Amino acid sequence: MSTDVTVMLLLALAGFLIGGAYSTWKTSRPLSIALAVCAVLAAAGAIAWGFF
């Protein structure tokens, strides 16, 4: 798998996780925070994978 595809998939995963965090904020805040943390890690991984 090329680097570009991996970066795009990680960014898509981050967006999906942010959407989940936003939608679960009112019902389950701990789950929402966990999803947001995972989204940040996925975005950071995409940035790191793209530059290095």
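The chain is numbered in sequence order, starting from 1. Fair warning: this is a prediction, and the values are worked out from it, not measured in the lab.
Hydrophobic clustering keeps Leu31 apart from Leu41 (ILVMFWY residues linked when any side-chain heavy atoms are closer than 4.5 Å, directly or through intermediates).
The closest side-chain heavy-atom distance from Ser28 to Pro30 is below 4.5 Å. Side-chain contact between Trp25 and Ile33 is present, with heavy atoms from C-beta onward closer than 4.5 Å.
In summary, of the residues considered (Leu10, Leu9, Leu11), a side-chain contact (heavy atoms from CB on, under 4.5 Å) with Val7 occurs for Leu11 alone. Put simply, the residue from Ile18, Thr24, Val40 that forms a side-chain contact (heavy atoms from CB on, under 4.5 Å) with Leu35 is Thr24.
Rounding to the nearest 0.5 angstrom, the gap separating the CD1 atom in Ile47 from the CZ atom in Phe52 is 10.5 Å.
The shortest heavy-atom contact between Ala14 and Ala42 is CB-CB, 4.0 Å.
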